[in-house]
Amino acid sequence: MKIKVLKDVLKANDTIAEENRTILRKKGILTLNLMSSPGAGKTLILEKTVERLKKDFKIGVIEGDVSTSNDARRLARYDIPVIQINTDSIGGACHLDANMVKEALGSLNLSSIQILFIENIGNLICPAGFDLGEDKKIIVLSLTEGEDKPVKYPVAFRKADLLLVNKLDLLNHLDIDLELLLKNSRKVNPDLKSIQLSARTGEGIDKWAQWIKKNLDLKKRRSGALGS
Ligand code: MG
Ligand code: ZN
């Protein structure tokens with residue numbers, strides 16, 4: 001019975017995720033779901049990304065954390081719409097689900113957003129199991145976490161469309177084998193593209209910004225072809 005309950009929960013989640021996806025498609029919003037363990041640097045990456053893209057694109061952010069609105073405050077400084085989801089009062093869930101995102105979408109003016117970032121709750125395991133209605137899943141892994149994480153926590157890497165390897169500025173200070181890390185990520189997901197960057201120094205942010213622009217273009221062209 002336990003298994004059935006879990007299946008029902010995931011099925012209900014998938015239904016709402018599809019509703020989210022339909023809404024976001026109609027508005028032509030590129031939605032990116034960022035997943036990582038705590039402290040990998042998602043928020044700083046977003047700060048640098050918003051800094052880079054905000055003059056050309058309208059950006060919104062949904063922030064997921066168990067508690068506090070620290071990260072939402074950091075992003076709100078860029079004068080963009082930011083919604084903070086805290087799960088502490090609803091059982092302290094360690095991942096975002098489609099229903100939470102649906103609620104957040106309801107509080108955003110979607111007509112004034114072209115790129116929506118969802119910063120998932122820091123956790124390398126269950127965020128990967130919950131479709132939110134996003135276009136792409138981005139997995140962030142920092143060099144301080146070690147090269148074996150893709151093989152230890154394969155699901156998130158398997159489901160991801162892009163790997164951002166963060167904290168590149170620390171490469172020469174750590175006993176980390178970057179080639180092995182990339183090899184491990186390809187072992188669980190041979191198609192996984194990766195971009196190496198340092199949110200701290202800004203190195204690689206351009207390449208990541210290009211990836212976002214390319215995917216926004218693709219989405220526009222595709223929804224144009226669908227006539228919506
Ligand atoms: Mg954060
Ligand atoms: Zn969870």
Side-chain angles (χ1 to χ4, degrees), residues 2-3 5-14 16-17 20 31-54 59-78 80-104 115-134 136-145 149 152-160 162-168 170 197-200 202 205 208 212:
K2 216 175 178 183
I3 290 166
V5 171
L6 181 62
K7 271 189 183 161
D8 286 347
V9 167
L10 286 176
K11 202 175 151 203
N13 184 78
D14 284 350
I16 300 168
N20 291 346
T31 306
L32 305 175
N33 175 8
L34 273 77
M35 309 180 293
S36 79
S37 57
K42 295 187 295 306
T43 310
L44 191 57
I45 289 173
L46 284 182
E47 290 186 70
K48 294 297 172 82
T49 309
V50 169
E51 213 172 85
R52 182 67 51 104
L53 293 176
K54 74 172 267 203
I59 301 173
V61 178
I62 296 175
E63 269 296 329
D65 280 295
V66 174
S67 179
T68 79
S69 50
N70 296 352
D71 290 357
R73 275 206 300 274
R74 282 167 63 183
L75 285 152
R77 288 189 309 209
Y78 296 89
I80 54 166
V82 182
I83 302 284
Q84 176 79 54
I85 298 171
N86 279 149
T87 59
D88 203 10
S89 59
I90 47 172
C94 46
H95 58 270
L96 294 180
D97 66 30
N99 198 43
M100 299 173 197
V101 170
K102 184 185 169 188
E103 295 275 322
I115 304 168
L116 177 65
F117 293 103
I118 302 175
E119 183 181 336
N120 219 308
I121 294 173
N123 175 346
L124 213 44
I125 306 170
C126 52
F130 288 80
D131 184 6
L132 306 178
E134 73 278 54
K136 304 280 182 193
K137 289 188 201 303
I138 320 290
I139 180 92
V140 180
L141 183 65
S142 64
L143 289 182
T144 52
E145 295 172 74
K149 291 302 171 292
K152 270 189 173 170
Y153 303 96
V155 182
F157 290 84
R158 206 176 288 138
K159 291 203 170 177
L162 179 69
L163 164 66
L164 294 181
V165 180
N166 191 26
K167 305 193 185 177
L168 199 59
L170 296 179
L197 53 79
S198 164
R200 187 166 161 266
I205 292 289
W208 156 234
I212 296 169

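Both counts, for ligands and for their atoms, begin at 1 and track the order of listing.
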Item to check | Close side-chain approach of L32 and K136, heavy atoms under 4.5 Å | outcome: yes
Checklist entry - Do F130 and L96 have side chains that get closer than 4.5 Å, going by heavy atoms? => result no
Checking the side chain of [X] only, and the main-chain atoms of [Y] only, is there a donor and an acceptor separated by less than 3.5 Å?
X: D71; Y: T43; value: no
X: N86; Y: D88; value: no
X: K167; Y: S142; value: no

Checklist entry - Got a sec: does the NZ of K152 have more than 12 other heavy atoms crowding it under 6.0 Å? => result no
Item to check | Over 12 non-hydrogen atoms of neighbours within 6.0 angstrom of CZ in R200 | outcome: no
Checklist entry - By residue and atom, what protein N/O/S atoms are less than 2.8 Å from the Mg ion (ligand 1)? => result T43 OG1, D71 OD2, E119 OE2
Checklist entry - Is the closest basic N to carboxylate O distance between D14 and K11 below 4.0 Å? => result no
Item to check | If only protein N, O or S atoms under 2.8 Å count, total around the Zn ion (ligand 2) | outcome: 3
Item to check | Distance-only side-chain donor-acceptor flag, N120 / N33, under 3.5 Å | outcome: yes
